Amino acid sequence: MAGGGLQKRRIEGIGEGSVTGAFAGLLSLTSDAVLVFDGLGRILLANDEVPSLFACPASGVIGSDVRLLFPPAVGVVPDAAFTLKSLPFGTDGSSTTLSCVGSAGQVVDVNIRCQKVRAPGETYLLVAHASFADDAARRDNERLVGELSRANRRLSGTLQIVLSTLDSEDVNTLFHRVLDEISSTMDAAGTLVYLAESDGFHLRGTSEAFRGGKMPRFMPFGRTIETLATREGKALRLRVLPPGRDALRQGRLTKREVVDEETHEVHTVRANVLPPFASFIAVPVWFGGHVIAILEVGWKEIHPMRREDAQLLDAVAEYLSVQLMGAFASLRSQRAEHLDAVCTDLRDRLMASNEVTPDRLRTVLTEASRELGASLVHVELDPAGGEMRAQLPIGGMTVLPFSLQALEEDVPEGETNVEGIVPDGDLAVWLRGRGEPCLGALVDVGELHDARSVWLMLRPADSEPMSDIELTFLERLADDIHEVAEGDEARTQDKHISQALQTGMKNELQRVDGITAQGLYSSATASAFVGGDFYDLIRLPNRCACVIMGDVSGKGVEAASVSAAVKTALGAYAWEGLRPARMVRSLNEFLLGFSRIETFATLFVGIVDLPSSTITYCSAGHPPAILRRAQTGELVSLDVQSGVVGAFHDMLYQDGEIGIGAGDVLMLYTDGTTEARDPRGAFFGEDGLRDALTRECACGFDGLTDRLLATLDDFTGNNLEDDVAMVALRFDEVG
């Protein structure tokens with residue numbers, strides 16, 4: 001493969017002269033009788049063991065008929081022409097035992113194997129030795145005992161590997177147990193596991209002997225051992241060849257050769273992706289038609305690797321595939337939760353300071369870099385010439401190969417941006433060529449104090465590229481820094497918005513082509529026309545819409561004013577194109593800054609995308625919305641849940657997504673619906689709502705919410721204890 005990629009060559013056969021010499025040496029060394037005869041039965045070649053084992057003609061063995069040595073007529077020249085059928089043994093390589101006349105005239109049981117060989121003309125090779133039943137039985141018994149002992153050890157080890165995965169709740173402990181068991185079972189020096197992510201295979205576990213040691217942390221796709229293992233689809237027995245003289249003269253070894261013990265192919269791979277083994281078995285772990293992990297089981301010295309060992313490890317990998325997939329998801333979840341907590345802590349510390357000074361900003365970014373195992377580099381900008389310079393770790397102050405204008409072309413004015421520096425990217429190649437750390441991310445925090453703030457977070461060349469989880473962490477941190485730095489201005493704007501929002505208390509549903517909508521609000525207090533329940537439907541470009549349903553704590557004018565502020569803010573966020581979870585998160589900070597501490601809200605925000613037939617939503621402590629499928633009548637809950645809005649700064653919000661079809665109906669409601677009680681105190685509940693929705697949808701969509709409210713009135717005896725709001729959307733045109 002060009003450009004430093006994977007190369008291979010096949011080991012050809014040895015020369016013809018060498019074959020002849022090797023065969024002659026073999027004939028003189030072996031204790032078996034060996035002879036060669038042609039298609040006419042003439043003996044062409046025999047070693048010294050032949051006359052020692054058989055009664056041979058006085059004239060000599062060479063040139064005589066091979067049938068003279070075997071029953072039924074030892075020493076008698078047959079009258080019939082030679083045919084293979086006249087031989088008392090087969091010529092297919094199978095083993096036959098015959099009673100022959102030995103060199104001393106005694107009867108000897110001889111074990112014979114004969115097979116046609118590739119040579120000019122018709123040529124057969126025969127190998128024979130005296131058969132001693134007792135010795136053979138003993139040898140077979142010893143061999144079988146050895147095989148059974150080895151198989152028992154492997155079976156016991158495999159069972160222990162399985163048991164190690166059953167009671168482990170911690171992912172790291174699971175990896176350690178399994179990898180240690182594999183190493184013990186295989187008598188190996190150690191075992192490594194690499195898990196596949198979006199950019200390649202990342203080291204995620206080692207056995208005890210290599211824990212904390214220096215070894216390849218990352219293998220990119222298409223250039224390493226995983227290419228061979230994926231192509232073959234099974235475990236490979238690989239041996240690292242010693243470097244040649246030319247390679248040693250070059251100094252640092254950048255490439256090494258490994259030989260496949262199965263095919264004897266030699267492959268050239270980069271030295272920085274080879275494990276610290278002389279012999280190793282690379283095992284692909286398959287799940288759903290994809291290689292999700294690579295196990296490397298190895299020995300520090302050259303070690304004989306049996307085909308059965310590779311097959312055993314393939315079986316272990318097949319069992320571990322589901323566990324590894326779950327472990328992979330758990331590792332990602334743990335990493336995401338940890339980085340989310342770090343980001344929240346850094347944001348809180350920024351908010352606690354009076355001002356985001358350059359020194360304070362550097363301190364926060366340095367801590368983030370340390371968390372990611374990277375070095376922080378500040379990028380200095382020259383607004384006049386557009387030149388960008390950075391104090392690189394090795395080369396010092398250096399002009400970077402891109403300009404401020406190029407950076408601004410990719411990022412809208414006033415927004416933050418984070419871009420991963422990947423191994424084959426232009427910036428990574430440029431940095432690597434100068435011996436600098438070349439993996440990581442470029443972090444653009446945007447305009448702060450009337451100046452653009454841009455940073456590099458760099459890892460060494462043999463490290464892992466930053467994962468999508470780490471880049472998401474940096475994106476959130478950059479947004480937080482930007483928002484906190486502009487906090488005074490933002491808080492002033494939010495105050496003006498909140499004052500203006502006092503007039504936005506009317507619930508309404510805009511007309512959206514492709515959607516039929518209806519909604520209602522019923523206050524628990526007869527004299528109150530406004531309250532904490534609210535809803536909205538906002539028409540967006542490209543046949544999209546934003547549907548909102550919420551419930552602010554409290555009642556009356558104050559709750560209504562907060563709901564109006566929330567509605568207006570969410571409408572502004574929707575027009576900015578933010579995803580629902582991001583909208584709710586921004587709203588959370590807005591409420592914490594503008595309302596009383598005890599005021600909070602539950603909220604459902606959904607973006608309806610008719611062309612893609614999907615709803616992306618964030619349900620923040622709100623009762624789960626219900627989607628009725630037109631085709632089947634099935635009721636599906638939108639049950640991806642997050643925390644309430646306006647209670648805590650570090651609340652985590654997440655998006656859910658569901659597909660929609662033509663005629664499907666989405667039902668939104670506040671908790672006053674399901675918490676309505678009958679005169680005996682029984683709740684209407686979600687089951688009551690689902691039953692009513694199934695019944696009333698069968699009567700048609702028109703007037704659906706009115707009929708549902710009438711059902712509630714009948715259930716409660718016209719005595720609602722809480723406000724009730726409902727919105728029903730029917731999707732008429734999707735796709």
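Each residue takes its place number in the sequence, starting with 1. Remember, it's a predicted structure, so these values are computed and weren't measured experimentally.
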Worksheet item: Does E371 have any salt bridge (charged side-chain N to carboxylate O under 4.0 Å, His left out) partners at least two apart in sequence or in another chain, and if so, which?
Response: R335

Fill in: Heavy-atom donor-acceptor pair, Q518 side chain to F701 backbone, under 3.5 Å
yes

Worksheet item: salt bridge (charged side-chain N to carboxylate O under 4.0 Å, His left out) with R690: which residues, sequence neighbours excluded?
Response: E686

Discussion item. Whether the side chain of H202 engages the backbone of F218 through a donor-acceptor N/O pair (distance < 3.5 Å, no angle test) should be reported.
Written reply: no

Worksheet item: Does the distance from a Lys or Arg side-chain N to an Asp or Glu carboxylate O, for R511 and D513, drop under 4.0 Å?
Response: no

Practice prompt. Would you mind checking if E696 and R707 are paired as a salt bridge, meaning a charged N to carboxylate O distance below 4.0 Å?
Written response: yes

Worksheet item: Is the backbone of G735 close enough, under 3.5 Å, to the side chain of R543 for a donor and an acceptor to pair up by distance?
Response: yes

Practice prompt. Check whether any side-chain heavy atom of V734 sits under 4.5 Å from a side-chain heavy atom of D664, and report yes or no.
Written response: no

Discussion item. How about CG on D650, more than 12 heavy atoms from neighbouring residues, nucleotides or ligands closer than 6.0 Å, or not?
Written reply: yes

Discussion item. Tell me whether the count of non-hydrogen atoms from other residues, nucleotides or ligands lying under 6.0 Å of CD in E576 goes above 12.
Written reply: yes

Item to complete: Would you check if there is a donor-acceptor pair between the side chains of D533 and T670 at a distance under 3.5 Å?
Response: yes

Worksheet item: So which of Y669, Y617, F534 actually passes ring pair (Phe, Tyr, Trp, His ring centres under 6.0 Å) with F604?
Response: Y617

Worksheet item: Can a salt bridge be assigned to the pair R459 and E470 using a cut-off of 4.0 Å between side-chain N and carboxylate O?
Response: yes

Fill in: F715 and F684 aromatic ring geometry - parallel, tilted or perpendicular at 30°/60° bounds
perpendicular

Discussion item. Salt bridge or not between R695 and D691? Use side-chain N to carboxylate O under 4.0 Å.
Written reply: no

Item to complete: Taking only Lys NZ, Arg NE, NH1 and NH2, and the carboxylate oxygens of Asp or Glu, determine whether E367 and R360 approach each other closer than 4.0 Å.
Response: no

Worksheet item: Ion pair present between R347 and E589, side-chain N to carboxylate O less than 4.0 angstrom?
Response: yes

Worksheet item: Just wondering, do L381 and V454 contact through their side chains at under 4.5 Å, heavy atoms?
Response: yes

